[in-house]
Amino acid sequence: MTQNHSEEFNDWIDALENLVLFNGREDASELIQNFVKYAQNKGLLESNFADLPFENSISQYEENDYPGDWVLEEKIRHFIRWNALITVLKANKELDLGGHISTYSSASTLYEVGFNHFFRGGDLSDMVYFQGHSSPGIYARSFIEGSITEQQLDNFRQEIDGDGLSSYPHPWLMPEYWQFPTVSMGLGPIMAIYQAHVMKYLEQRDLLKNENKRKIWMFCGDGEMDEPESLGAISLAAREKLDNLIFVINCNLQRLDGPVRGNSRIITELGAIFKAAGWNVVNAIWGRKWDDLLAKDSTGALKWVMNNTVDGEYQNFKAKGGAYTRKHFFGKHPEALKLVEDMTDDEIESLNRGGHDPLKVFNAYKSAYECNDKPTVILAFTVKGYGIGSRQADNTTHQVKKLTEENLKDFIKNFNLPIDTKKLNKLNYLKFNKNSKEYKYLIDQRKKLGGFLPKREALKSNLKVGTKSHFEEFNVQSKREMSTTMVFVRLITSLLRDKKIGNNVVPIVPDEARTFGMDGLFRQFGIYSREGQKYQPEDADKVMWYRESKDGVMLEEGINEAGAFSAWIALATSYANNSLPMIPFYIYYSMFGFQRVHDLAWAAGDARARGFLLGATSGRTTLNGEGLQHQDGHSHLLAQTIPNCKSYDPCFDYELAAIIKNGIDDMYVKNNDNYYYITLMNENYLHPERPKNLKDSAIMQGAYLFKQESKADVRILASGLTLRFAIEASNKLLEFGVESNIWSITSFNELARGGLIADQENMNEINSKSYVESCFKNEMPTVAVSEYQKLYAEQIRKWVNGNYVCLGTDGFGRSDTREKLREFFEIDSNHIAYNALLVCGLNKEAKKFKTKYKVKINKKNPYIR
Ligand SMILES: Cc1ncc(C[n+]2csc(CCOP(=O)(O)OP(=O)(O)O)c2C)c(N)n1
Ligand SMILES: [Mg+2]
């Protein structure tokens, strides 16, 4: 803005402020929006918001008074700051265990205003996604409240011997404390958005009450917003009108290595993005101490300087102090410099930022709380390493774990702490006496809000299916050819109708329902939509029309695997976070599962998710025409990396039914914190009758003897669809006088885990024998086969007695017919039989077999072919 407009501009601003004050925000907003539209129509405005002013959204005239005890809260806050700092220093004094000091120091006020005035605890509490590496501050508050002991603080990052505290929020390691694993940057924001989305879904289905308008708070850093996951779903949040969601972004301008946006301003950048997406954007940039200066800024010079300074400079002002700020900030404009001529350098230095001012933070939160129909993002301007002397806002402050005596003395002085600076080698925590005003106040505030946070309380669920026939119908020979995907769709349709648990079952798809033949569910159960269906669908006259509904059961998340997975996590942890166990079935292209969103799958493990993942159209050779980028030959290997994910590759309908039946029992009746990954195929075939003596436990442990010959010479272990090739191979082998036993391997992963668990027990001299070992204890040549990489079957080599050969689909996939692909990857019946003869040492027969069946052996190494 040119200077000659500044006076006029100020008149306009005054008029606007008066309008807000006398007519209220709503009225002012309507007038301004109409005015802006008029100007836009005349071509007077640029159409983007890229140049939002670097100013508070709530002016000092609109602010509410602070409702709390300012002095007590300040003291409490500073004690917590100190304890957070000491926790990290202690962990690094001798043990070098790491931790973060500067992050919490910048975020302290943001959390404390929340803890004292907003975050509701108790039943159906607000949900708070704490920024992962601010955890020392959260522990420090729990310590002051009394729910964490001094011993535990001393054991920060020392978990092996028990009674330690996790580095970051890990529900797996602290299941009664942390709810949400957040420290992998970007996952907190996307998981929080879908948590809010799922909360609305559960409320609209009347499964969850919305009496106290629960809120989801997501705290993260400005650097974290660079993760695609952080911003990737913000338009959904606005579209779905998630007014239960509040993002608090701590804009301390720094990430790990240096400035987030040295050359521009992260706050204005994020403000523009969120505004364009339709969020309520609240800037909390300037603290109270700037209010007088801003009021005196009649020429607009100060605002001009604020808007013409980049983050790299703002960082410097906090690193280099008052004199430097006078010269390089106010000095940018003579009128601005005049504004501070009566102030000392110290006074300039103490001009506070919005994120460190409880009043500004309170008002920002209040605006978020009262905002209807929109999610809110609060952009809080802070200082990284706030108050830590020379380490404040320095470029390396993120990794500070040890401090000089000087730094500590500065900290003590800045926060007015009752600590004898002569005894600094002691590093004692500060605590309030139980009779003190401070203690009473902080406990009182939490009581008013319903109880302490963080807190995780897992509901013991007992979701027994109402009728067993869902599963039993698959025990007989199938009447027609079906794929396991079709079997699954029948099964879930039946479960959705179960009288007892039907309401808890949620199918989730990422725009692939038709691919999997699930479009029949659209009409029967409806697709959830916040706003129902405001249009008549194109296919309204068809049987399976596209029915959206406010209480639709199905979650159709669009082409968005990360989002659909996050929705699944929210439902899969609902037993703990909403005291409402849900049974989500997320079904997707198996190739776009783990390898697409593995970090979320890992977080699901940490969060103790309970639910089903269905990797459909799976297998490197069953999904034939789609080619290299679609053909999955490794999702089971990826599943195996997650400790509490149980994974299965069933071939026949009764196997799939047993896995789902036992999975429900394991997770929702026995309350074990596992989740299930099951691959489904889209090849049609007949499913035989379930073998008479087959126990579910065999299917669940990973293997059963499917066909036994009286004098078997060789074993064939076959996973998923390859079981059918094994049956064919076994017939071909008979032509060569070789009898074979066929094992259906429902899970090489579970077999291997069982083996490793027994190994561990044996190390403890328990003398344990694993299931895998007992299955394959007889010495016999063995061929194993799957549609996955050879490594999948390799895992159990140790427990198979006799020569063991693994077939699998290493290398990239490609398009062709199934037959060609199976030949190419050497897993068809010919290759199984040929390898069986070789592993038996019947080389002559193998040669004959090769000629008779024209067995082709690939000449190229699998990794480059
Ligand atoms: C996915 C991921 N990548 C990298 C890291 C390592 N890391 C931890 S904190 C951090 C910097 C965070 O900066 P910011 O988000 O601005 O938070 P601040 O500490 O400044 O509040 C990084 C890179 C991580 N935790 N997760
Ligand atoms: Mg930062």
Side-chain angles (χ1 to χ4, degrees), residues 81 84-85 88 97-112 114 128-138 157 166-170 178 180-192 217-232 247-262 264-270 284-285 310-312 314-316 318-319 353-356 361 377-388 391-401 562 566 596-603 606:
R81 281 177 186 287
L85 175 118
V88 178
L97 290 167
H100 301 82
I101 294 173
S102 298
T103 296
Y104 181 74
S105 76
S106 70
S108 169
T109 306
L110 300 177
Y111 285 122
E112 279 305 298
V128 187
Y129 287 72
F130 294 98
Q131 185 187 15
H133 56 290
S134 67
S135 59
I138 312 306
R157 294 190 168 220
S166 299
S167 49
Y168 303 117
H170 294 310
W178 294 117
F180 309 112
T182 46
V183 76
S184 179
M185 315 252 111
L187 301 192
I190 193 167
M191 288 195 291
W217 296 81
M218 194 291 303
F219 285 81
C220 80
D222 44 0
E224 183 167 357
M225 294 315 288
D226 281 342
E227 289 285 3
E229 288 88 346
S230 301
L231 289 171
F247 270 24
V248 182
I249 305 180
N250 179 10
C251 298
N252 56 26
L253 312 187
Q254 292 175 250
R255 45 182 164 76
L256 191 149
D257 285 338
V260 176
R261 292 289 184 275
S264 56
R265 283 185 304 275
I266 187 67
I267 290 185
T268 38
E269 180 181 327
L270 290 174
I285 300 178
V310 293
D311 284 358
Y314 279 115
Q315 183 189 335
N316 258 317
K318 288 302 173 189
R353 290 186 179 169
H356 292 298
V361 174
V377 57
I378 289 156
L379 299 167
F381 192 26
T382 64
V383 183
K384 192 148 177 167
Y386 185 59
I388 317 179
R391 306 311 301 271
Q392 170 171 294
D394 86 4
N395 256 340
T396 61
T397 195
H398 184 84
Q399 284 170 309
V400 172
K401 295 160 196 20
S566 300
R596 184 77 183 217
V597 292
H598 203 89
D599 205 13
L600 282 166
W602 186 253
D606 189 351

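The structure presented is a predicted model; accordingly, all values stated were derived computationally and were not measured. Remember, it's 1-based here, ligands and their atoms both numbered in the order they're listed.
Note: an N/O pair closer than 3.5 Å links Gln254 and ligand 1 by distance alone. Of the N or O atoms in His133, one or more lie within a sub-3.5 Å distance of an N or O in ligand 1. At a 3.5 angstrom cut-off on N or O pairs, Val260 does not count as close to ligand 1.
Annotation: atom 24 (C) of ligand 1 to nearest protein heavy atom, Met185 CG, 3.2 Å. Taking atom 15 (O) of ligand 1 as the reference point, the nearest protein heavy-atom neighbour is Glu224 N, 2.9 Å. The single protein non-hydrogen atom nearest to atom 25 (N) of ligand 1 is Val183 O, 3.0 Å, given as residue, atom name and distance. Remark: minimum distance from atom 14 (P) of ligand 1 to any protein heavy atom is reached at Gly223 N, 3.6 Å. Distance from atom 22 (C) of ligand 1 to its nearest protein heavy atom, with residue and atom name: Leu256 CD1, 3.9 Å.
Between Thr397 and Ser102, the shortest heavy-atom contact is OG1-OG, 2.6 Å.
Below 30°, between 30° and 60°, or above 60°: for Tyr168 and His100 the angle between ring planes is between 30° and 60°, a tilted geometry. Aromatic ring pairs are classed by plane angle as parallel below 30°, tilted from 30° to 60° and perpendicular above 60°; the pair Phe219 and Trp217 is parallel.
In this structure, Gln392 contributes its side chain and Lys318 its backbone to a donor-acceptor pair below 3.5 Å.
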(request) Give the intermediate values and the outcome of side chain to side chain contact (heavy atoms under 4.5 Å, CB included) for residues Arg353 and Tyr314. (result) CA-CA 11 Å; Arg353 290 186 179 169; Tyr314 279 115; 3.8 Å; yes

(request) Decide side chain to side chain contact (heavy atoms under 4.5 Å, CB included) for Ile266 and Leu253; before the verdict, give the C-alpha distance in whole Å, the side-chain angles of both, and the deciding distance to 0.1 Å. (result) CA-CA 7 Å; Ile266 187 67; Leu253 312 187; 3.9 Å; yes

(request) Apply the test side chain to side chain contact (heavy atoms under 4.5 Å, CB included) to residues Val400 and Ile388: give CA-CA distance (whole Å), side-chain angles for both, the deciding distance (0.1 Å), then the verdict. (result) CA-CA 10 Å; Val400 172; Ile388 317 179; 5.6 Å; no

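Every atom of ligand 1 is numbered from 1 in the order shown, and the set under 4.0 Å from a heavy atom of Ser184 is 1 (C), 26 (N). Atoms of ligand 1 lying under 4.0 Å from at least one heavy atom of Asn252, given by number and element, are 18 (P), 20 (O), 21 (O). Short contacts between ligand 1 and Thr103, defined as distances under 4.0 Å to a heavy atom of the residue, involve ligand atoms 18 (P), 19 (O), 21 (O).
An angle of 110° is found at the Mg ion (ligand 2) between Asp222 atom OD1 and Gln254 atom O, rounded to 10°.
Only the side chain of Glu227 comes within 4.0 Å of ligand 1, judged by heavy-atom distances. Of the heavy atoms in Asp222, both backbone and side-chain atoms come closer than 4.0 Å to ligand 1. Only the side chain of Lys384 comes within contact range of ligand 1, with a heavy atom under 4.0 Å; no backbone atom does.
Using a 3.5 Å distance cut-off with no hydrogens or angles, the side chains of Ser134 and Tyr111 do pair a donor with an acceptor.
Remark: among candidates Arg255, Glu229, Gln131, the nearest residue to atom 13 (O) of ligand 1 is Arg255, based on non-hydrogen atoms. Ranked by closest heavy atom to atom 11 (C) of ligand 1, the top entry among Met225, His398, Gln399, His100 is His398.
Within the 4.0 angstrom cut-off, atom 6 (C) of ligand 1 has no protein heavy-atom neighbours.
With rounding to the nearest 0.5 Å, the separation of CG in Asp606 from CZ in Phe180 is 12.0 Å. With rounding to the nearest 0.5 angstrom, the CG atom of Asn250 is 11.0 Å from the CZ atom of Phe381.
Ion pairing between a basic and an acidic side chain is recognised when a charged N comes within 4.0 Å of a carboxylate O; Arg265 and Asp222 show no such pairing.
Within the coordination shell of the Mg ion (ligand 2), defined by N, O or S atoms under 2.8 Å, Asn252 is present.
Checking Arg255, His133, Gln254 one by one against His398, the side-chain contact (heavy atoms from CB on, under 4.5 Å) holds for a single residue, His133.
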